[in-house]
Amino acid sequence: AQKVTQAQTEISVVEKEDVTLDCVYETRDTTYYLFWYKQPPSGELVFLIRRNSFDEQNEISGRYSWNFQKSTSSFNFTITASQVVDSAVYFCALSEAQNYGQNFVFGPGTRLSVLP
Amino acid sequence: DGGITQSPKYLFRKEGQNVTLSCEQNLNHDAMYWYRQDPGQGLRLIYYSQIVNDFQKGDIAEGYSVSREKKESFPLTVTSAQKNPTAFYLCASSIDYLGNSPLHFGNGTRLTVT
């Protein structure tokens, strides 16, 4: 069965600090996809990144970076020089290629508060 | 602009009443989904539809019903059989149902039943 764990329920940092959000997943499928979403106070989930299981390259997009390590089943998300606008709930999600339709499992989310 | 529209944003109902949440997308996506979010929890799948006129139960379908008569519309009815309906409901769509495409979400409907 697929499962996503985000052990950090809430994190508070001061603006300009770096912060890493952890995501650990479980799957028996060899082909799968990992996602990160941001949920600001408005409620809509915003897609940030997708990674497939065959691509372990780390990715950087501006202040955001992602570290995918199959050996530890982790897909961690780092925000560099955090800003108040980064305050949101962040969700990690897993999708298995073999599980059509019922294919997204979300972690419980990490609430990030960036204080000015 | 393409996107997903959920209405209303807030909904209040008395216990025992059925209520329908609207979800419309103009992204031309085949697959649509309904999720429920409770405080401090992740998203749980209620129903999904891979194609028009077809839908499947998710993990927590009891007390809910859906229809998919048009590609762009996927309304969710919360029936009186749902024991704890107060929650935040999110509708999503994706280009297909293969799992490798990201979900696009609406702004959600917050339902309160008293």
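Residue numbers begin at 1 in each chain, while the letters A, B, ... track the order of the sequences.
No donor-acceptor distance shorter than 3.5 angstrom exists from the side chain of A:Gln83 to the backbone of A:Lys16, with no hydrogens or angles considered. In terms of modelled atom types and a separation under 3.5 Å, the side chain of A:Asp18 and the main chain of A:Ala81 share a donor-acceptor contact. A donor-acceptor pair under 3.5 Å links the side-chain atoms of B:Thr79 to the main chain of B:Gly63, judged by distance alone. In this structure a side-chain-to-backbone donor-acceptor pair under 3.5 Å is missing from A:Gln6 to A:Thr9. In terms of modelled atom types and a separation under 3.5 Å, the side chain of A:Thr5 and the main chain of A:Ala7 share no donor-acceptor contact.
Annotation: B:Phe74 is not in aromatic contact with B:Tyr48 [ring centroid separation under 6.0 Å not met]. Between A:Tyr25 and A:Tyr32, the distance from one ring center to the other falls under 6.0 angstrom.
Heavy-atom pairs under 4.5 Å with chain A were tallied for B:Ala92, B:Gly42, B:Pro102; the largest tally goes to B:Pro102.
Sorted by first and then second residue, the pairs that involve residues 4-95 of chain A and meet disulfide (SG to SG under 2.5 Å), not counting sequence neighbours, are A:Cys23-A:Cys92. Contacts classified as disulfide (SG to SG under 2.5 Å) and involving residues 15-95 of chain B (residues at least two apart or in different chains) are given here: B:Cys23-B:Cys91.
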- Task: Under the side chain to side chain contact (heavy atoms under 4.5 Å, CB included) rule, what do A:Tyr33 and A:Phe104 come out as? Steps first, then yes or no, please.
- Result: CA-CA 9 Å; A:Tyr33 307 92; A:Phe104 281 86; over 6 Å; no
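Neither the backbone nor the side chain of B:Gln6 comes within contact range of chain A; no heavy atom of the residue lies under 4.5 Å from a heavy atom of that chain. Using a 4.5 Å cut-off between heavy atoms, B:Ser101 touches chain A through its backbone atoms (N, CA, C, O) alone. Residue contact with chain A, scored on non-hydrogen atoms closer than 4.5 Å, is absent for B:Ile4. Residue contact with chain B, scored on non-hydrogen atoms closer than 4.5 Å, involves the side chain of A:Tyr37 exclusively. Residue A:Gln39 touches chain B through its side chain alone, counting heavy-atom pairs closer than 4.5 Å. If you measure heavy-atom distances from B:Leu90 to chain A, the contacts under 4.5 Å come from the side chain alone.
Of all residues spanning residues 40-78 of chain A, those with a heavy atom less than 4.5 Å away from chain B's heavy atoms are A:Ser42, A:Gly43, A:Glu44, A:Leu45, A:Phe47, A:Arg50, arranged by number. Taking non-hydrogen atoms and a 4.5 Å limit, the residue list of residues 107-116 of chain A in contact with chain B, ordered by number, reads A:Gly107, A:Pro108.
With salt bridges taken as basic N to acidic carboxylate O contacts below 4.0 Å, none links B:Arg68 and B:Asp54.
Residue A:Val24 is not grouped with residue A:Trp36 when hydrophobic side chains (ILVMFWY) are merged at heavy-atom distances under 4.5 angstrom, including chains of intermediate members.
Counting heavy atoms of neighbouring residues, nucleotides and ligands inside a 6.0 Å radius, atom CD of A:Glu15 exceeds 12 of them.
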